[in-house]
Amino acid sequence: MTRLEVAPPHDHPVLIGRGLEPPQPQGPVALVYDAAVEPLALKLAKQARPELTLRLEGGEASKRLAVYEDLLREFARARLPRDAEVWALGGGTVTDLAGFAAASYLRGVAWLAWPTTTLAMVDAAVGGKTGVNLPEGKNLVGAFHPPRGVYAELAALDTLPEATFREGLVEAFKHGLIAGDAALLAPWDLAPGRPELEPYLARAVTVKIGVVERDFKESGERMKLNLGHTLAHALEAASGHALAHGHAVAWGLLFAALLGRELGGEDLTQPVLRLLAWTRAPAPPTGGWADFAGYVARDKKNRSGGLRWVVPYAAGDVRVEPVAEAALRAAFNAWREHAAGYSG
Ligand code: GLY
């Protein structure tokens with residue numbers, strides 16, 4: 001088992017391992033779990049004896065205001081008190097949603113994240129971002145509300161479809177580009193149950209913890225975690241959310257790599273192309289720059305001073321800066337050529 005610590009003021013442990021012991025609840029527990037991991041939820045329920053157990057269908061479609069309202073009303077009907085704890089067991093949509101319900105119920109109760117996908121373990125459940133989507137865009141409503149602990153139970157990955165396992169590791173690869181950690185850029189032999197998995201996940205989480213400790217509220221360095229995400233969000237929206245988040249980010253990373261190259265940086269396209277093939281990402285939606293520009297302009301990272309892009313000049317040299325339209329178009333055209341020739 002690996003135990004990592006997030007430093008004060010938002011201090012809490014992040015545990016990664018198999019057969020994790022749940023902590024002593026500090027009050028009545030509301031267990032909110034993803035239907036996909038029901039056996040694990042039932043096991044946890046035996047240990048934690050929750051006051052309330054709520055089953056959700058995971059997936060992006062659940063991460064909306066109506067489901068958030070249902071959760072809050074269930075909490076209220078059960079008269080959960082201020083010292084209650086929400087235990088969120090599931091992928092990133094469930095930890096985001098239940099974490100946001102915890103952030104706002106009675107103006108905030110404690111919560112524990114039990115991420116059950118690679119994506120949630122290395123990214124969504126670490127760093128205290130919680131929230132829901134609006135029809136107008138992803139993650140437009142939410143709160144920074146760090147959990148009391150993150151429990152990444154590796155047994156959850158045994159039943160995760162291989163495609164989802166690999167797709168989630170795109171975010172770990174992204175952390176490797178940000179930190180210049182070569183080990184994170186080579187997930188090729190990883191699979192559930194492999195001994196290399198726990199140290200790999202721990203390295204990825206360590207990068208995220210470092211960034212979040214230095215910039216919890218995303219006023220500067222944390223924006224680097226959006227590497228590849230501006231185009232990714234546009235691709236997800238253009239595909240009607242048929243394109244999985246990790247696959248969209250992998251395509252977004254290719255665009256970022258081409259943009260870095262266009263701006264004089266190192267050529268990082270080869271490892272990203274290998275990542276796309278390894279994750280078996282489907283081809284992205286078709287469309288030209290003009291089709292995506294509308295989505296991109298609505299991206300929530302659009303600040304009043306203009307849109308800033310996260311540009312990788314080299315692994316370990318990632319900068320957040322405005323980029324001229326001509327360079328964006330050139331990188332997009334090169335990206336579109338790769339997408340057109342892509343056979344998976
Ligand atoms: N997933 C990006 C962040 O936590 O800031």
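Along the sequence shown, residues are numbered consecutively beginning with 1. Bear in mind the structure is a predicted one, so any value in this text is a computation, not a measurement. All ligand and atom numbering here is 1-based and tracks the order in the structure.
Relative orientation of the F100 and Y68 rings is parallel, given thresholds of 30° and 60° on the angle between their planes.
Counting only heavy atoms of the protein, atom 1 (N) of ligand 1 lies nearest to D123 OD1, 3.1 Å. Closest to atom 5 (O) of ligand 1, if we only count protein heavy atoms, is R222 NE, 2.7 Å.
Counting only non-hydrogen atoms, the option in K174, M223, K208 that gets closest to atom 3 (C) of ligand 1 is K208.
Both tests do not hold together for R55 against Y33: distance to the six-membered ring centre under 6.0 Å, angle to the ring axis within 45°.
The proximity of E171 to ligand 1, defined as any non-hydrogen pair under 4.0 Å, does not occur for either the backbone or the side chain.
Residues K224 and D215 are not paired through a salt bridge, judged by the lack of any N-O separation under 4.0 Å between the basic side chain and the carboxylate.
None of V272, D317, L227, I178 except one satisfies the side chain to side chain contact (heavy atoms under 4.5 Å, CB included) rule with P312; the exception is L227.
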